[in-house]
Amino acid sequence: MNRASFHRNRSQFRLGFWLLLAPIVLWLSLLIILPHVDMVLVSLRERIASRQYGFSLDNYTAFFTEPLYWNTFVRTAVMSIIATLMTLIIAFPVSFYIAKVLSGRPKIALFILCLIPFWVSELVRTYGWMILLRETGLISGALQWLGLAGQPVELLYNDVAIMIGLIYTSMLFMVVPLVTTLDSLDNSLIEAGYDLGGNGWQVMTNIVIPHAMPGIMSGCIVVFMLTLGNYLTPTLLGGKDSLWFTEQIYTQFITRFNWEQGAAFGILLLILSSLIVWLGLKLTKQSFTRVMS
Amino acid sequence: MRSLRYFKKLAVIGAVASAVSFSAQAETLRLLTWGGYAPQDVVEQFEQETGVTVKITLSNNEDMISKLRATRGAGFDLAQPSQDRIVSAQADFNIYKPMDLSKIDTAKIIPSMLAATQKNTEFEGEVYGVPHVWGTSGLIVNRSTASTVKDYTDLCDDSLQGSVSYRLKRPTLIGFAFALGEDPFAAYDNPDQYQAILDKVETRLIECKSNVKAYWSGGDALLNLVRSGEVSAAMAWDAGGWKLNAENPDIRFVAPASGALGWIDTFVLPRKTKAEDAAYRWINFVMQPEIAARITESAGNFTAAQGSDEFVNDTLKTQFKESFPQAALDNINWYPPVPAGLEEMEGKVLDRVKAAN
Amino acid sequence: MSDHAVASATEPRVQADLACTRLSKQFGAFTAVDQVSFSIPRGAFFSILGPSGCGKTTLLRMLAGFQQPDSGDILIKGRSVLHTPPNKRPVNMVFQHLALFPNMSVAENIAYGLKRNGVPKRQHAALIDEVLTKVHLPGYGKKRIDQLSGGQKQRVAIARCLVLKPAVLLLDEPLGALDLKLREQMKIELKRLQQEFNTTFVYITHDQSEALVMSDQVAVMNHGRFEQVGTPQELYYQPKTAFVASFVGDSNQFAATVQAQTDQTVTTVTKRGVQLQCYSELALPPGAPVTLFIRPEVIQVGVCKPDPVPDNCLAATVLRILFDGARSQIQVQTAEGAVLLAALPQTADFQALTPGRSVYLSWQARQGLCFAATSPQHPGAVP
Amino acid sequence: MIPSLSSSRFYRVSYRCYVGLFFIFLITPLLVVAAFSFNDSLFPSLPWQGFTLDWYLGARSPRLGLLHDHALLDSIVVSVQVAVVTTVASLALATCNAFLFEREQFPGKNFLYVLMLMPLVIPGVILGVSILVFSSTVANWFEVQFEVELEALRPGLVLVSLGQFAFITTIATLVISARLRKFDLTLEEAAMNLGASRLTAIATVTLPFLRPALLGAAVVAFLMSFENFNTTLMLVGSEAPLTIAMFDRLREGSTPVLNAVSVLLMLGSACLALGSLFVQRPEKA
């Protein structure tokens, strides 16, 4: 009847339970919780003199009083949201095509084709875009050859380049959950939608999208997190104006040796990301655990 | 059952791999250095002569300090930060170990440089650095497209829209300060005055921003920018300029009118160095004139090794003389040690420049 | 009410392969198995029949060791196995969905238990061949599970257990997933196997036909208790409770009140006012509410009034014909409005029967059963 | 919309074009990287200077090819070591987690589950930073209190592996849990019924059932570790894994030897991905 209870009420399995519980607790506490607690503590410290530190909120006030940090923060968030939405818009028709239009061998082939580029390091992918977009790169060359540009065009080092890089790099994490949820949608539901007089748009908004919502949200969350936390793409593709919050964190840690400020930024980024994810889930009425697993 | 065996196999491989990777090898010299300072042939010769394996990590000043800061001076056996960045880092983070000059063949080092480094790297009565490679930061100019550039501020000339590059790091601030008629080094000990200079530089750099194609961060990246013609004038190291000059005579390294910025990269011992002997052996090895000359050829910069010039090829010597007539040589502004706290002020300026539109 | 059902089997006999005494199991406030006692003689085919949720699966899982009883004892070959873990009990189980290991071949599935029980490896092949021959699957050892048909899987699942020569084989509705034809074949096959291996089978099912066809003894279980234990014939012809009467076989059911009782013949009046004669072993006071059970096949259908008039005779109109070959039935309505099902006689007279015709229904009082209406009714039958 | 519903030819053709464009978008950067690894030029951009294999075979600087570039080759070895350790560790823990979440009931289970998912919503850089900060705190404390130097807690391969392990475990747990959820528990009971102890039942029945998921998770974990950058960047010590080594070179503006490494990576990843598909296929048939 209740199978789980059978495993529970046998004393010999209690030991097994603790043995299963111990590693996960160790993992989460030592590698996730305590480090973040410690990061909060460090962020509340300030260098008073050489090798002397004291409690202070300055690292946070610096964030709020220095418009630069604010701007970077907002810019990162806004660009991440835009990149996430654009990834969704680009990926959805393709996912739908793979999940619903195709079947059998072409379907598997196309799905794998979707995945393979992403088994390659993000660095390589970004590198590819650098080669394509730079002034002496392929696209610029092609434009000149076609006579569409009279002189080399610089396509690298601007926000569009960052956006392309971000979307490209996140695509997999959108396509996979979308294909999975769309695949689980019974074709007859779509047929029924038409049969009952719906048009394409209505069927899409009333049947397909509500069904795919968990997949959409899970894709969006993962893509958003990856984008927000991306360091490579904005650094390599972004130009002289490119500002990314992770870059700020990196700079504080590596270039300025200012761990205290970096830790404060880290905490702020974490709060920001949690807040946006939470808002997204609230707006779409999805549950975190359901969406993520 | 098969999968069990599979995992056992995996586990064994994993264990072996980790044992190999994580066990510290005593006879290894882990060198934290700049690109070109430890060319492959020199390393091979050293390894053959001493039996010590050399493991190289390429880095720059900030990276070096931050890596050593994170490890509190462990993980590497010998590092090569610039002489002006040693004392403040030592004061804040205690990451270095005093140098035992008696173990170094000081006769092989140019005395004036040794003395200067000794003075600049002294902290609480101990000396931390010995000089190795020295050079300057100045301007790389493509004469066919940017012949007007004579000083740092000329990079802001309207004719150079979108074809200029420099690093968004402290040398740029210092260089511009000199070009704007200030003496930032004199203001090192006066934060208010220094801030005023920085403000001035900041304004200028922000005005100048539309000229910038990209801020470079690695030497070769800049070379590629100039080489491909994407950038026609840049603030950069002399060695890069000479390298490009050899490929394309139109490109030259120019000592700016307000003076090139002179730096000396040193040898320092991280506090928890595990191969101190090997480190001293390496220092003495690379300071031999012939070896030092080979490093000069690879790095493009001259070393502090006595008499190595003889072994350096003529092209480099000619290039050096072209870029540095006596007046320019005398005009070099050598970096004094950076007092702690200054870099934070500079950092904020750099951030604001980056953020400006 | 069910106490008498188990009275004959409370004390385990020495001969019994399996015996339970006052076995109980609670899940929170819910009593799944309530003081069940029984014993099964060696080599018997014993079925436990009951609706889903009656506790039969829980009972079986306690026998297999997957669930600990709250109280009571389980004896296998006279020894208590309460503290024996499932893998050490001399019982084996054929699971509802068979639980064949999909990653192993047929032979590997059968060898699994041999390996665990320390049978030397060199004997495996012979044992496997032998058992596969007995289940009529010779040479199937190399096949993968997903290459087998439903019936073949059944046999492998049984072979996998029987090769271990268990004292008792437990079967948890193993035919549930099969289609009707195959199920009919497997019933016969199971019976044959049980006789060939001469092993005690404990078979649980909610399908009365499976239980009746195969079993030597059937226990009807409801709400955690055994309502009645007996041979299939006893259950069918002499149900001891209303539940057994309704659960075993088809019945027309009527709620009625007692008018009078003479000996074992009871005169009742249904809610619609039809007077019917029934049989009851128990004394029922006049006015007591009762439930009547009349099986469709005992009802004689005639086009004219039978003579002499039997104990019960009703005039009715044919509502519809439910044609099902040999099992065809007619649905009729009496003048009072009561609806009944009756077996359609397979004679030429009735070939042309059409709805709207008048017929006479008749049966003897002994063929109608009557129980005090306290037990909840079986939901299947509509009066 | 779906094939069973009729649609206009224009719609179908334009839909197909869109999907085609999408795949061109996906594949072009990789093709370009691969193509330029054969360009006879010192840096990977136009003009095309002719075909060469120098970036694979070249023995002398500046045309130092991949096969002679010891620094790059070493970093590949480092990456493989880290990836193997991370994969084995995260798979072991993930399997435990899957059993814990799928089989056990305990107070606070939901909370623990949410906590287990957290690494998915922590940016990699922050994860790296926090582990760096914490391990430094611990190591410094030991140094001050006991004058012991815990080298493992200083940036280096141990921390890199731990950092990657911290989030890869979550992904592996999700993959393995999903498969374990589909496992019919009666199979384990059947095994016990046939005489197996609980552990034997798990080893002989449950783990073989999980095998495709374990393999899949292993491939994913290996690749994620191999290509991880954000977390590794903050934790790396004297030995750099490939992504870090490549990043350093990229910042420096390196030669097309980077393209050559990339081609190697693509081939390796493709083999691994296809191999894992091949391994999983019979299970689905």
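Just so we're on the same page: letters track the sequence lines, and every chain starts at 1.
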Chain A contact via [X] - side chain, backbone, both or neither, heavy atoms under 4.5 Å:
X        : result
D/Ile122 : both
D/Phe99  : both
D/Ala178 : neither
D/Leu26  : both
D/Met234 : side chain
D/Leu112 : both
D/Asn110 : neither
D/Phe222 : neither
D/Thr95  : neither
D/Leu233 : side chain

Counting heavy-atom pairs under 4.5 Å to chain A, which of [options] comes out on top?
options                               : value
D/Met118, D/Met116, D/Met224          : D/Met116
D/Ile131, D/Asn97, D/Val125, D/Leu265 : D/Asn97
D/Ala166, D/Pro123, D/Cys96           : D/Ala166

Discussion item. Measuring only between side-chain heavy atoms, which start at C-beta, is D/Phe247 closer than 4.5 Å to A/Thr126?
Written reply: no
Item to complete: Rounded to the nearest 0.5 Å, what's the gap from CG on A/Leu34 to CZ on D/Phe134? Could you check?
Response: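 If I round to the nearest 0.5 Å, the distance is 4.5 Å.
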Discussion item. Rounded at 0.5 Å granularity, tell me how far CD1 in A/Ile33 sits from OG in D/Ser130.
Written reply: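 Taking CD1 in A/Ile33 and OG in D/Ser130, the distance rounds to 11.5 Å.
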Fill in: ring pair (Phe, Tyr, Trp, His ring centres under 6.0 Å) assessment of A/Trp129 paired with D/Phe25
CA-CA 10 Å; A/Trp129 282 109; D/Phe25 169 69; 5.6 Å; yes
